[in-house]
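None of the values given here were measured: they were computed from a predicted structure. Atom set for the values below is all heavy atoms of this structure, side chains included, hydrogens, waters and symmetry mates excluded.
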Number of protein chains: 2
Amino acid sequence: MRNVQDMKLREGVEWAVHCCINLSWLAPDRAVPAARLAEFHNLPAAYLNKQLHALGRAGVVSARSGPRGGFRLGREPEKITLMDVAVAIDGSAQAFLCTGIRHQGPAGGIAGPAGRRTPCTVAQAFSHAELAWRHQLASRTIADLADAVRQANPAAPDHVRSWFDRT
Amino acid sequence: MRNVQDMKLREGVEWAVHCCINLSWLAPDRAVPAARLAEFHNLPAAYLNKQLHALGRAGVVSARSGPRGGFRLGREPEKITLMDVAVAIDGSAQAFLCTGIRHQGPAGGIAGPAGRRTPCTVAQAFSHAELAWRHQLASRTIADLADAVRQANPAAPDHVRSWFDRT
DNA sequence: GAACGGGTACTCGGATAACTATTGTCCGAGTGACTGTGG
DNA sequence: CCACAGTCACTCGGACAATAGTTATCCGAGTACCCGTTC
């Protein structure tokens, strides 16, 4: 039971975003195994595999089994937002879900049945805040971040490509 | 060790906000025991006590022991933001703390020492989103919410007062 | 009648356990490539 | 030389533990009130 959905950003979100950026610099048809992506950042391979699998379910990446298989971006980097990644990994859609405590106990008798129809003010306030957060994440794409990284370090894409091409 | 600070809104935050609103309607010198506040919303008394204690450390409420003791607001409701409450309960200041994985493993060698000085693009993006969230929460005060509730149900303050005055 | 001292009940405060969720690991199913063989 | 079938190694995918964080609980320290006693 999940009464209160959480807004926690699991560590895997950070990993996933970095992986997506790296993948965006590789040839579109080039698939990279999870183990190799993990090695690049010193991450636990098996666990990263699990996260990438979650991204696969969301369509952010596409997976292929067998030799020369692995993961590659499921669509153009311009079409992948940070929100997509966060939702894929974290799963939760809403961070603050009103428990409805204002209707429990003696407090419930005060507002009466009419109060049960009006929205919970507290929940509304938190929802607005969360909406702002989500809006920000939805406005940034993997392509955006990749460009920013390239601007700070123009050689990065080539270096990443060459490292992943090493056998 | 807390590598990744979390943004999770613990259930206690919701409780605390509701309690603060209720307290804002009582006489300023009126102290309410945690047990009574808990009874009002059917919450576990001992645990709510703990959360209120956290609010006390942050100055949001002030506590008094002994008979006729309990909790009351530590300052005017206009001076208490939702952010204050969330931070007091949740404690964490930053939700997304960059783990620095881009410097671990082979990836670190690519950017080089220079890359270590440039800020992590991924972390920046998430920080902006979190800032928007925090800004929203900081812009809403307990007084705001109390007014909104009163607008939806004008009789609420009196009812709350009278219930808490019952022996 | 008023002041004082002791007792008592009540409250917070922090230390302690139970539980849930996240992190991490492992092995099996599936798939594509490679090799050797036959035409 | 080309096509084909069998085998193999490689990869994902989901099921299975370990760990950390949150929820919940309990009991002790402190405090203000109340009552009985004394001046």
Side-chain angles (χ1 to χ4, degrees), chain A residues 1-16 19 29-39 41-58 60-72 74 86 88-92 95 99 101 167, chain B residues 1-16 19 29-39 41-58 60-72 74 86 88-92 95 99 101 167:
Chain A
M1 178 164 62
R2 292 174 69 128
N3 281 338
V4 170
Q5 299 276 5
D6 53 8
M7 208 163 174
K8 177 176 182 181
L9 283 179
R10 300 201 273 187
E11 210 167 1
V13 175
E14 186 185 1
W15 304 354
C19 287
D29 56 349
R30 162 85 179 183
V32 180
R36 193 126 183 91
L37 279 169
E39 186 190 357
H41 288 299
N42 252 13
L43 300 175
Y47 190 34
L48 180 64
N49 183 20
K50 187 176 180 167
Q51 312 284 18
L52 291 172
H53 174 46
L55 288 182
R57 277 198 164 272
V60 173
V61 301
S62 82
R64 238 176 71 176
S65 293
R68 314 282 295 175
F71 293 94
R72 62 184 189 278
I89 303 274
D90 222 30
S92 75
T99 318
I101 65 169
T167 31
Chain B
M1 178 163 62
R2 291 174 70 125
N3 280 338
V4 171
Q5 299 276 4
D6 53 9
M7 209 162 173
K8 176 176 185 183
L9 284 179
R10 300 201 272 187
E11 207 168 2
V13 175
E14 186 185 2
W15 304 354
C19 288
D29 55 349
R30 162 85 179 183
V32 181
R36 194 126 182 89
L37 278 168
E39 186 190 356
H41 288 298
N42 253 12
L43 300 175
Y47 189 34
L48 180 64
N49 183 21
K50 186 176 181 166
Q51 312 283 19
L52 291 172
H53 174 46
L55 289 182
R57 279 199 163 271
V60 174
V61 301
S62 81
R64 240 176 68 175
S65 292
R68 315 281 295 176
F71 292 94
R72 63 184 189 279
I89 302 274
D90 224 27
S92 74
T99 317
I101 66 168
T167 32

Per-residue pairing states of DNA chain D in dot-bracket (Watson-Crick or G-U under 3.5 Å; . unpaired, | other strand) read |||||||||||||||||||||||||||||||||||||||

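Rounded to an integer number of Å, the gap from CD1 of A:Ile89 to C1' of C:dA21 is 16 Å. Taking atom CZ of residue B:Arg10 and atom P of nucleotide C:dA21, one finds them 15 Å apart after rounding to whole Å. With rounding to whole Å, A:Leu48 atom CG is found 18 Å from C:dT22 atom P. At whole-Å resolution of the value, CG in B:Asn49 and P in C:dT16 are 17 Å apart. Protein atom CD of A:Glu14 is 17 Å distant from nucleotide atom P of C:dT22, rounded to whole Å. As rounded to whole Å, 14 Å separates atom P of C:dG13 from atom CD of B:Gln51. In this structure, the CG atom of B:Leu37 is 13 Å from the C1' atom of C:dC12, given to the nearest Å. The distance between atom CZ of A:Arg57 and atom P of D:dC12, rounded to the nearest whole Å, is 16 Å.
The main-chain N or O of A:Ser62 is never found under 3.5 Å from a side-chain atom of A:Arg72 such that the two would form a donor-acceptor pair. Panel note: side chain A:Gln51, backbone A:Ile89; no donor-acceptor pair is recorded below 3.5 Å.
Scanning all heavy atoms of the two residues, the minimum distance from B:Pro44 to B:Ala38 falls at C-CB, 4.3 Å. For the residue pair B:Leu55 and B:Ala88, the shortest heavy atom distance occurs at CD2-CB, 3.7 Å. Closest heavy-atom contact between B:Ala35 and B:Ala45: CA-CB, 4.1 Å. Counting all heavy atoms, side chain and backbone alike, B:Ala34 lies closest to B:Leu52 at CB-CD1, 3.9 Å.
Counted within 6.0 Å of CZ on B:Arg30, heavy atoms from surrounding residues, nucleotides or ligands total more than 12; the atom is thus considered enclosed.
For C:dG13, the base has no donor-acceptor partner in the side chain of B:Lys50 [N/O atoms by modelled type, under 3.5 angstrom].
Looking at A:Val61 and A:Phe71, their side chains come closer than 4.5 Å, going by heavy atoms from C-beta outward. A 4.5 Å side-chain heavy-atom check between B:Leu43 and A:Ile101 finds at least one atom pair inside the cut-off.
Using a 4.0 Å heavy-atom criterion, one finds that B:Ala63 contacts the sugar-phosphate atoms exclusively.
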Name the pairs: protein N/O against N/O of nucleotides 3-11 of chain C, kept only if under 3.5 Å.
from   : atom 1 : to      : atom 2 : distance (Å)
C:dT11 : O4'    : B:Gly66 : O      : 3.3

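Taking side-chain N and O atoms only, A:Tyr47 has a distance below 4.0 Å to OP1 or OP2 of C:dT23.
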